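Comments concern the structure below.
Keep in mind the model is a prediction, meaning the values are calculated, not measured.
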Amino acid sequence: QVQLVESGGGLVQPGGSLRLSCAASGSIFNINPMGWHRQTPGKQREAVATITGDGSTTDADSVKGRFTISRDNAKNTVYLQMNSLKPEDAAVYYCYVVILKLYWGQGTQVTVSS
């Protein structure tokens, strides 16, 4: 059974930073891609960033230069460093891992407001 637990969300002012973490348990291997999506009410879930087992990353255009995804394979944890946050970044952020199928975490709320 694969479980993902996110943490690090919260309230931040525009221009601020947050670091999200997602710890995976179960049959996770270093080769499994992991990543983050986000969702706001009334909108489809949006891909934010992905990282492969060898560390290759892809980022959504909306977060390029501001967000950085990384992973610690020894801890089965993926991180999302979010800098220069904007109000439009506010959403519930979900991490996932791909092991034959997608497994999702429960989500962590990010609020960007002054």
Side-chain angles (χ1 to χ4, degrees):
Q1 184 71 16
V2 175
Q3 290 187 320
L4 302 170
V5 179
E6 297 108 331
S7 60
L11 171 65
V12 64
Q13 292 186 341
S17 298
L18 282 175
R19 188 193 194 206
L20 305 183
S21 300
C22 174
S25 61
S27 300
I28 308 296
F29 299 95
N30 296 343
I31 62 172
N32 297 123
M34 301 183 75
W36 295 89
H37 281 207
R38 65 187 181 188
Q39 188 168 24
T40 53
K43 292 186 178 181
Q44 287 189 330
R45 197 168 288 193
E46 172 192 19
V48 176
T50 301
I51 186 166
T52 63
D54 64 2
S56 299
T57 63
T58 55
D59 305 313
D61 289 341
S62 58
V63 306
K64 282 186 187 297
R66 301 187 298 120
F67 291 11
T68 303
I69 188 171
S70 62
R71 67 190 289 168
D72 184 335
N73 288 332
K75 296 181 179 179
N76 285 337
T77 300
V78 63
Y79 304 97
L80 186 67
Q81 178 66 44
M82 306 186 294
N83 299 327
S84 302
L85 281 160
K86 304 175 181 179
E88 53 263 42
D89 294 319
V92 178
Y93 284 71
Y94 298 90
C95 73
Y96 67 87
V97 62
V98 181
I99 308 172
L100 301 180
K101 67 175 186 177
L102 280 171
Y103 291 88
W104 295 96
Q106 81 287 353
T108 185
Q109 178 72 51
V110 172
T111 303
V112 184
S113 175
S114 55

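- Under the 6.0 Å distance and 45° angle rule, R38 does not count as a cation-pi partner of Y94.
- Under 3.5 Å, the side chains of S17 and N83 contain a donor-acceptor pair of N or O atoms.
- K64 places a side-chain N or O within donor-acceptor distance of the main-chain N or O of D59, the cut-off being under 3.5 Å.
- Nearest heavy-atom pair across P14 and S114 is CD-N, 3.7 Å.
- Inter-residue side-chain proximity for T68 and L80 is flagged as unmet; no heavy-atom pair is nearer than 4.5 Å.
- A donor-acceptor pair under 3.5 Å is formed between the side chain of E6 and the backbone N or O of G107.
- When all heavy atoms of D89 and V110 are compared, the closest pair comes out as O-CG1, 4.5 Å.
- Atom OH of Y103 and atom CD of Q1 lie 7.0 Å apart (nearest 0.5 Å).
- A distance of 7.5 Å separates CD1 of I69 from OG1 of T58, quoted to the nearest 0.5 Å.
- For an aromatic pair to be called close, the ring centres must be under 6.0 Å apart, and H37 with Y96 satisfies this.
- Side-chain atoms of R66 come within 3.5 Å of backbone N or O of S84 as a donor-acceptor pair.
- Placement of V92 and L85 in two distinct hydrophobic clusters is found when ILVMFWY residues are connected by side-chain heavy-atom separations under 4.5 Å, directly or transitively.
- Listed here is the closest heavy atom pair of L20 and M82: CG-CE, 3.7 Å.
- Of the inter-residue distances, the one linking M34 atom CE with Y79 atom OH reads 10.0 Å to the nearest 0.5 angstrom.
- In terms of hydrophobic clustering, with Ile, Leu, Val, Met, Phe, Trp and Tyr side chains grouped at heavy-atom distances under 4.5 Å, V98 and W104 are assigned to a common cluster.
- The nearest pair of heavy atoms linking L4 to A24 is CD2-CB, 3.3 Å.
- Scanning all heavy atoms of the two residues, the minimum distance from T40 to A90 falls at CG2-O, 3.0 Å.
- In this structure, Q39 CD and E46 CD are separated by 10.5 Å, a value rounded to the nearest 0.5 Å.
- S21 and T77 get closest at one heavy-atom pair: CB-CG2, 4.5 Å.
- Atom OG1 of residue T57 and atom CZ of residue R71 lie 11.5 Å apart, to the nearest 0.5 angstrom.
- The number of heavy-atom neighbours closer than 6.0 Å to CD of E88, taken from other residues, nucleotides and ligands shown, is above 12.
- Atom CD1 in I51 sits 12.0 Å away from atom CH2 in W36 (nearest 0.5 Å).
- Q109 places no side-chain N or O within donor-acceptor distance of the main-chain N or O of G10, the cut-off being under 3.5 Å.
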